[in-house]
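Throughout, residue positions are numbered sequentially from 1 according to the sequence presented.
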Amino acid sequence: MGIDNFCSLDGSDPFWDWNRTWQTHNPDLTPCFQNTVLVWIPCLYLWLFAPLYILYLKRNDRGYICMTHLNRAKTAIGFTLWLICWADVFYSFWERSHGATIAPVYLVSPTMLGVTMLLATFLIQYERMKGVQSSGVMLNFWLITIVCATVTFRSKILHALNEPASVNVFKYTTFYIYYTMLLISLILACLSDQPPTMNVFVQNPCPESGASFLSRITFWWITGLMVTGYKRPLEEKDLWSLNTEDKSQRVVPQLVRRWDQECNKVKRSEARSQFFPPSNRQILLVKTLKKTGDPSLFCALCRTFGPYFLVSSLYKIVHDILMFVGPEILRLLIQFVNDSSAPDWHGYFYTTLLFVCTCVQTLILQKYFHVCFVTGMRLRTAIVGAVYRKALVITNAARRTSTVGEIVNLMSVDAQRFMDLITYINMIWSAPLQVILALYFLWQNLGPSVLAGVAVLNLFSCSAGLFVSISLIRSSFKDNRIKLMNEVLNGIKVLKLYAWELAFKDKVSAIRESELRVLKKTAYLGAVSTFTWVCAPFLVALSTFAVYVLVDEHNILDAQKAFVSLALFNILRFPLNMLPMVISSMVQASVSMKRLRVFLSHEELDEDNVERPAISSCESSDSQAVQICNKTNVVSLSLFRINVRIPEGAFVAVVGHVGSGKSSLLSALLGEMQKQKGSVSIKGSVAYVPQQAWIQNATLKDNILFGRDGKDSWYQKVVEACALLPDLEILPGGDSTEIGEKGVNLSGGQKQRVSVARAVYCNCAVYLLDDPLSAVDAHVGKHIFGSWCFSVSCRQSLNSLNAAGTGKTPQKTEPNDVAATKKTKSAEAARLTEADKANTGRVKLSVFWEYMKAIGLPLSIFSIFLFFCHHLSSLGSNYWLSLWTDDPVINNTQPNREMRLGVYGALGISQGIAVFCYSVAVSVGGILASRYLHQTMLYNILRSPMSFFERTPSGNLVNRFAKETDTIDSVIPSIIKMFMGSMFNVLGSCAVILIATPLVAIIIPPLGLFYFFVQRFYVASSRQLKRLESVSRSPVYTHFNETLLGTSVIRAFGEQQRFITESDGRVDHNQKAYFPSIVANRWLAVRLEFVGNLIVTSAALFAVMARDSLSPGIMGLSISYALQVTASLNWLVRMSSELETSIVAVEKVKEYGDTEKEAEWRLEHSTLPAGWPTAGHIEIHNFGLRYREDLELAISDISVNIEGAEKVGIVGRTGAGKSSLTLGLFRIIEAAQGEIRIDGVNIAELGLHELRSRITIIPQDPVLFSGSLRMNLDPFDGYTDEEVWRALELAHLKNFVSGLPDKLNHECSEGGENLRVLVLDKGQMAEFDSPSNLIAKKGIFYKMAKDSGLV
């Protein structure tokens, strides 16, 4: 039985009829087609997707939704539709029973449709049971069904109007009821149901999960946040919580589990490869040396994120196919204009099809990007979490293979590379697909001539690889500059004390100049790249059209061939330009993957290194708290034959010479060393005080509590026992005072006491103390020792015990020396560091003006003029092409083709010259601005006082020289070029469309207003979201850097999980700002592309309406420009937002020009005598200083006279003001009262370098800068080698340096009889005399010496 007989037994109802469907002014489909295809399409869709959808719901159970009115309505309508379909079936049987001839289609199709409606009703209930609030599968089903039914609905109405006598009232009535129910079902499917009942309460949840399907595909669900951001600047409290599937606690364990599986595969493979019979023992020795393989991080990433990412690939395939619909519809429209006999509805049909296809393409593309960005976000989260977890468990040997900075780069740079790559990784297969499809359609249009254009396009695409190679060279200079700047900032105090700022400024500037030279080469190559990107479509079209018209004079370049080819070449441009970029990004990502794989493969500490027996309530009193049993060599090769048993309650000191293994023994007890043989056992919890105190950037109280619950009475006892009460009086905010990075605002003794207090507060069973009292005053150590009566296992060196009073680490030069004890402990006073704050509101125009001045106003104006010239030439060339295609054809040839081709080429050449010139002008201007801004910032920061560096985190400053400078170097010039190009493209496109079809003027103004509103609406939120994301990113790396420095303490206290949770929380907090920003981009893209789609549709619609008065060339020109306006509009808003965001880098760089500065380094008219100082006579008269204007004097009324050649020791208890007086002598802190004279010269009247370069100091913290040993000794090259060797000899380093291979050029890596004593107390001079006289007076100095055991 044929299809015609299936629809009508006598064959009177054909399946298809061209005369009825296409070649008519009133088209309609045959009843057979309506009753088969239009009925079967929705059925086929649902039955095809239902099994996969049911399986998906089974595996992704979101909870249970209670029956609601919405769900009841959906179910009731589903059953109603099922009943209507069966009513049609029964009615057909009834007609048949009464002798009517019924075709099989009237039984089969309603039956299929009825069963499908029953399946739809089942899916509605199954979705409810699985917690689906809104279904895309069902919405699409109802949409497809209603579209198919609409055709039948129109046909039935026409039939009823034209042939009312033949109307079947029952079937028409059931169909109208059926159609009404379908409309209601479609409306209900657009609504979202209530949340599942088993959902856990989340504060400020993300609305995405509860949004309807339409809201999700149009990203309408973010509109509420955008409205808030438009009304006022967004704040952290406005941000949603992350979706559960995006959080670290969900994402990171998945990657870690898959990575462990890969590692276990390799271990099993190695185990199998090492199994040989005894006779093959020699072979075994050879084969074990061979590498059996490394675990694959790539496989682990693919298995973790691959399934979700594959969805993006499906979206990309559909989008790539839809890309070629536009040129084909353009061809049909031009063909329609040329064919005057074609019915008008053809043009309207093409226009509607163009609008639908572009809208579907928009939604699919934005969904594709959303999946890619979310995958990238999850990938970064997983890598950061995996690296953090690994850092907590790797061995010390593995840890030493990388610097802290290199490990931090794994989560900052390498994780970011993966995140950036994932967005465009699909181009690896998508680009070849687009190229193949484009070449196929071009070949169909122009034949072999297209190969000439492809050759030119391939030639241009090769420049991308060279661009990448030069960029890599530049990155090496950048890395060296950042490394040196990091050292300068870490050693800024030494630089200021030695007056070395200018020397290191010159070193940084020299590296910067090398970087700028490479950047200039990059700029020239970038000009070539911009030339290829902008001019490629024209040059390819020129070469193709030239070959096409010159090969055969009978080849006519009409509008269809010209503008369809231009549209296809525009499509071809993107993949050919993107592919080299993606490949180079993949190469960089592969390097990052190798680094990550090596780090994640590092050996981990064995938990079995230390046994932890359970504590029993009935143990004997002599049970062992610590036990080490070993017959031969036990713990690594650092310790041999150790056998120790320490009973509970014992107080043990481990003594020995330097290097005898005391710290190694403690490391063994902590499990930090690899156990080779024997056993180590510790019963109960452990507290550890390292030799170098590890302090967190938190309040002092938080440093002591260390994650434990606060118990006020116990806390007060601990603070008192550890002698911290006097320090709490001194600190501005008491125990709420924020402690800076690495304890910058605490002295060595204070840091050590906080470290001890942390251990005491934990109230553990075993205490391991590594020389805890070496950095505290003798009387303080005695107090701690006497107050602390716990069971401890302590290692204390003899030198430290005997020299506890005199061997104290000198105090830090921070405000802890302040003598004022009565201060208001306010929250503001407790704060020390000033973290980056997210600015609010629009960027001021003054920032743009500052950047233009840095470039130079003439160059800026000239660049804008070149932009205008380029786009004027571009419009002229395309308009000329439209005139060419409208030339009359005489004897099957176009007579003026050589002239047309010549003018077309000349306009193209002028366009190319303008492109190259404006690209060079913008890039060179960017380099000039970058040099000026960097040098100004470097000078201003080096001129800043020490107080600036103490309150500003070093990460903020490094960020200015790294990220912000890179933005000014590379990002801003590129964005300016793209912004200007997009703006002129949009203006030019609108101009062409208006000239071609003036009626478009009706719609462009309202669309322009809508566009402007959307742009401002978007930028207000996007700008603030990017600021919030930028501000929340630094704490992630700061916390990781801090963790790396304290891993042994964290492990000893068993706080790994708390720190992991803290790190995950910071990452999630950062992603909370990043996720809305990527969704906001999609929100914008959907709306702007919709505006563009309306412009395209309007151009096509009005061209169809004016077909009689419009030439094919002008129509082709208009629609080809309209097809580009969507991307240009989207890109213009994106670039305007990026420009506003990126120009903030200039604002941040310039802000350091307004900060407080030190006095001038050198005075212009200096009267300083030559050779000063000659005698070294120091007169201090009524001297005092304060650390901040709002603080009291740290020292006051100091008057002392020190003769030349006298040796004076300044002593005093913590907070007495010793360091403050030294700082005043070097003018690190300026005097608040009094004066200091050296050889009669008031030091306040000197330039800082004139003072500091002529007196010297041995700083408390030894600092070495990367570079040669000679550079570290004499950065200005002011001394001969003999003088340098003499200095080394006096420092007892001559023999050591002589033994180095490169001697003075050795590269350093990153890192008395006449003695008098000045005694300070509470910021004032208490005593000043020789030691013997002071002891005889039995004053403060005598008491200090007595406490130290010296008298």
Side-chain angles (χ1 to χ4, degrees), residues 22 25 27 321-363 365 441 445 558-571 875 878-879 881-882 885-886 985-1008 1010-1011 1087-1130:
W22 189 255
H25 290 279
I321 294 172
L322 287 176
M323 283 177 64
F324 295 91
V325 173
E328 282 302 298
I329 295 178
L330 173 61
R331 181 179 64 82
L332 293 173
L333 281 170
I334 295 175
Q335 193 177 56
F336 165 76
V337 172
N338 286 327
D339 185 6
S340 59
S341 63
D344 289 342
W345 73 267
H346 283 190
Y348 298 122
F349 172 74
Y350 294 145
T351 302
T352 305
L353 186 62
L354 181 63
F355 178 72
V356 171
C357 288
T358 51
C359 287
V360 172
Q361 183 181 347
T362 293
L363 295 177
L365 179 63
F441 288 111
N445 202 35
D558 56 17
Q560 179 178 322
K561 286 185 172 61
F563 291 104
V564 171
S565 298
L566 279 180
L568 291 170
F569 277 125
N570 281 330
I571 292 175
L875 287 174
N878 286 325
Y879 181 71
L881 180 63
S882 70
T885 58
D886 287 337
N985 275 337
V986 170
L987 294 176
S989 299
C990 291
V992 169
I993 295 170
L994 286 171
I995 292 171
T997 52
L999 286 175
V1000 178
I1002 299 172
I1003 195 171
I1004 281 187
L1007 287 180
F1010 176 75
Y1011 158 79
R1087 279 139 192 84
L1088 287 189
E1089 290 196 14
F1090 181 73
V1091 172
N1093 296 340
L1094 286 178
I1095 293 176
V1096 174
T1097 305
S1098 302
L1101 178 64
F1102 292 121
V1104 170
M1105 294 171 63
R1107 59 183 289 195
D1108 297 330
S1109 60
L1110 197 65
S1111 70
I1114 293 296
M1115 181 184 183
L1117 178 67
S1118 173
I1119 298 179
S1120 63
Y1121 263 97
L1123 288 172
Q1124 299 178 50
V1125 78
T1126 301
S1128 297
L1129 271 175
N1130 198 350

Chemist: If you look at every heavy atom in H25 and P343, which pair is closest and at what distance?
Modeler: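 Taking every non-hydrogen atom into account, ND1-CB, 3.8 Å.
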
Chemist: Ignoring hydrogens, what is the shortest heavy-atom contact between A1099 and I993? Give both atom names and the distance.
Modeler: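 Here A1099 and I993 meet closest at CB-CG2, 4.1 Å.
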
Chemist: To the nearest 0.5 Å, what is the distance between CG on L1088 and CG on L1007?
Modeler: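 The CG atom of L1007 is 11.0 Å from CG of L1088, to the nearest 0.5 Å.
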
Chemist: With a 4.5 Å cut-off on side-chain heavy atoms, are H346 and D339 touching?
Modeler: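 Of all side-chain heavy-atom pairs linking H346 with D339, none is under 4.5 Å.
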
Chemist: Can you confirm whether Q335 sits close enough to L332 that some side-chain heavy atom of one is under 4.5 Å from a side-chain heavy atom of the other?
Modeler: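 Heavy-atom side-chain distance check passes, below 4.5 Å.
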
Chemist: Which pair of non-hydrogen atoms, one from R1107 and one from A342, has the smallest distance, and what is that distance?
Modeler: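 Shortest heavy-atom contact: NH1-O, 3.2 Å.
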
Chemist: Just how far is it from atom CD of E328 to atom CG of L354, taken to the nearest 0.5 Å?
Modeler: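 Interatomic distance, E328 CD to L354 CG, rounded to 0.5 Å: 12.0 Å.
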
Chemist: First locate atom OG1 of T358, then atom CZ of F1090, and finally report the distance between them rounded to the nearest 0.5 Å.
Modeler: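 Between T358 OG1 and F1090 CZ, I get 9.0 Å after rounding to 0.5 Å.
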
Chemist: Walk me through whether L365 and E1089 qualify under side-chain contact (heavy atoms from CB on, under 4.5 Å).
Modeler: CA-CA 11 Å; L365 179 63; E1089 290 196 14; 4.1 Å; yes

Chemist: Could you work out, with side-chain contact (heavy atoms from CB on, under 4.5 Å) as the rule, every residue matching T351, not counting sequence neighbours?
Modeler: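 T351: side-chain contact (heavy atoms from CB on, under 4.5 Å) contacts with L333, T1097, A1100, L1101, V1104.
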
Chemist: Indicate the atoms forming the closest heavy-atom contact of P327 with I571, along with that distance.
Modeler: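 P327 and I571 have their closest heavy atoms at CG-CD1, 3.8 Å.
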
Chemist: Is there a side-chain contact between S882 and F563 (heavy atoms, below 4.5 Å)?
Modeler: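 Side chain of S882 against side chain of F563, heavy atoms only: contact under 4.5 Å found.
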
Chemist: For the residue pair V1125 and S989, what are the closest heavy atoms and their distance?
Modeler: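 It is CG2-CB, 4.0 Å.
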
Chemist: For F324, I'd like to know if atom CZ has over 12 heavy atoms of other residues, nucleotides or ligands within 6.0 Å.
Modeler: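 Yes, enclosed.
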
Chemist: Would you compute the distance between atom CG of N1093 and atom OG1 of T362 and round it to the nearest 0.5 angstrom?
Modeler: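 Interatomic distance, N1093 CG to T362 OG1, rounded to 0.5 Å: 4.0 Å.
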
Chemist: Is there side-chain contact between F1102 and M1115, with heavy atoms separated by less than 4.5 Å?
Modeler: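 The answer is no; the side chains never approach within 4.5 Å.
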
Chemist: Between T885 and A562, which heavy-atom pair has the shortest distance, and what is it?
Modeler: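 Where T885 meets A562 most closely, the heavy atoms are CG2-CB, 3.5 Å.
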
Chemist: Between I1114 and Y879, is any pair of side-chain heavy atoms under 4.5 Å apart?
Modeler: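 Side-chain contact under 4.5 Å: yes.
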
Chemist: Nearest 0.5 Å, what's the CD1-CD1 distance between I329 and I334?
Modeler: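 So the CD1 of I329 and the CD1 of I334 are separated by 12.5 Å.
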
Chemist: Between P27 and W345, is there a side-chain heavy-atom distance shorter than 4.5 Å?
Modeler: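 Yes, their side chains come closer than 4.5 Å.
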
Chemist: Do the non-hydrogen side-chain atoms of L1094 and F355 ever get within less than 4.5 Å of each other?
Modeler: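 L1094 vs F355: side chains touch.
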
Chemist: Atom CZ in F336, atom CZ in F349: separation rounded to 0.5 Å?
Modeler: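 CZ of F349 is found 12.5 Å from CZ of F336.
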
Chemist: For N878 and L566: C-alpha separation, side-chain torsions, deciding distance, then whether side-chain contact (heavy atoms from CB on, under 4.5 Å) applies.
Modeler: CA-CA 10 Å; N878 286 325; L566 279 180; 4.2 Å; yes

